[in-house]
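Have a look at the structure below, then the notes.
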Amino acid sequence: MKIRVELDQTMPLDELVIKTVTLSSDVAHIVQLIEQDTTQHRLAITTDDRTVLKRFDDIIAISVTGETLTYYTDNETLVARGALKVVLQKLDVSLFVQVSKQNVINLDWLMSLEAGFSGSMVAVMRQGIKLDVSRRYLPELKRKLGL
């Protein structure tokens, strides 16, 4: 991959152009990183009785059942309503990875991966939390872990 930066004092706004033959996963990842708001390092979680601001570093994992989201954090478990795909768009892609249709984990809290049933895995997180990793999402997890 070739990277080139050109300084142009005549431009009214910064512009970033990525030229590629195909939209590979690496290019898509770079675009996602650029589009992400890097000033946002926390997530507002609205439960039935309050809104809690949690730093990304404090969120261990997020699980969804129907429209109920469960946030596992360093010191509490929070339950809220919502869609996992909406939450995923707000998370730091360098920290979080979706490991199944129901689960997203923070890689900094991952302790180990164990064999599960039918080729799936189990993510063992600090605080004793165990979450299923489906075969479909396993390649992306391995890529993020450098395996």
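Computation of the quantities below employed the complete heavy-atom set of this structure, encompassing side-chain atoms and omitting hydrogens, waters and symmetry-equivalent molecules. Keep in mind that what you see is a predicted model, and the values were worked out from it rather than measured.
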Within this structure, what is the [atom1]-[atom2] distance for the pair [X] and [Y], rounded to the nearest 0.5 Å?
{"X": "Leu95", "Y": "Ile59", "atom1": "CG", "atom2": "CD1", "result": "9.5 Å"}
{"X": "Leu131", "Y": "Thr70", "atom1": "CG", "atom2": "OG1", "result": "10.0 Å"}
{"X": "Asp49", "Y": "Thr47", "atom1": "CG", "atom2": "OG1", "result": "4.5 Å"}
{"X": "Arg81", "Y": "Thr46", "atom1": "CZ", "atom2": "OG1", "result": "13.0 Å"}
{"X": "His41", "Y": "Leu53", "atom1": "NE2", "atom2": "CG", "result": "14.0 Å"}
{"X": "Ile129", "Y": "Met111", "atom1": "CD1", "atom2": "CE", "result": "11.5 Å"}

Below 4.5 Å, heavy atoms only, C-beta onward: do [X] and [Y] meet side chain to side chain?
{"X": "Trp109", "Y": "Tyr72", "answer": "no"}
{"X": "Ile60", "Y": "Arg126", "answer": "no"}
{"X": "Leu69", "Y": "Ile62", "answer": "yes"}
{"X": "Val87", "Y": "Val104", "answer": "no"}
{"X": "Ile105", "Y": "Leu110", "answer": "yes"}
{"X": "Asp58", "Y": "Asn106", "answer": "no"}
{"X": "Leu141", "Y": "Leu113", "answer": "yes"}
{"X": "Glu76", "Y": "Leu78", "answer": "yes"}

Quick one: which residue pairs count as a side-chain hydrogen bond (donor to acceptor under 3.5 Å, both in side chains) with a foot in residues 135-147, not counting sequence neighbours?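 Of all non-adjacent pairs touching residues 135-147, those that pass side-chain hydrogen bond (donor to acceptor under 3.5 Å, both in side chains) are Glu140-Arg143.
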Would you sort out whether Lys54 and Asn75 count as a side-chain contact (heavy atoms from CB on, under 4.5 Å), showing the intermediate values? CA-CA 11 Å; Lys54 283 289 183 181; Asn75 61 359; 3.0 Å; yes
Answer yes if [X] and [Y] sit in the same cluster of Ile, Leu, Val, Met, Phe, Trp and Tyr residues linked by side chain heavy atoms under 4.5 Å apart, and no otherwise.
{"X": "Leu84", "Y": "Val97", "result": "no"}
{"X": "Met125", "Y": "Tyr71", "result": "no"}
{"X": "Leu107", "Y": "Val99", "result": "yes"}

[X] versus [Y], closest heavy-atom pair with distance:
{"X": "Ser134", "Y": "Ser100", "answer": "OG-CA, 3.8 Å"}
{"X": "Phe56", "Y": "Phe96", "answer": "O-CZ, 3.6 Å"}
{"X": "Lys101", "Y": "Val64", "answer": "O-CG1, 3.9 Å"}
{"X": "Gly116", "Y": "Val122", "answer": "CA-CG2, 4.3 Å"}

Any chance you could lay out the side-chain hydrogen bond (donor to acceptor under 3.5 Å, both in side chains) test for Asp26 and Ser24, step after step, and finish with the verdict? CA-CA 5 Å; Asp26 288 339; Ser24 67; 5.1 Å; no
Pairs touching residues 7-27 that satisfy ring-ring contact (aromatic ring centres under 6.0 Å, His included), sequence neighbours left out: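 Sorted pair list comes back empty.
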Side chains of Asn103 and Ser63: any donor to acceptor distance under 3.5 Å?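 The answer is yes; a qualifying pair exists.
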Going by salt bridge (Lys or Arg N to Asp or Glu O under 4.0 Å), name the residues that satisfy it together with Glu114, two or more places apart in sequence or in a different chain.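 By the salt bridge (Lys or Arg N to Asp or Glu O under 4.0 Å) rule, Glu114 matches no residue at all.
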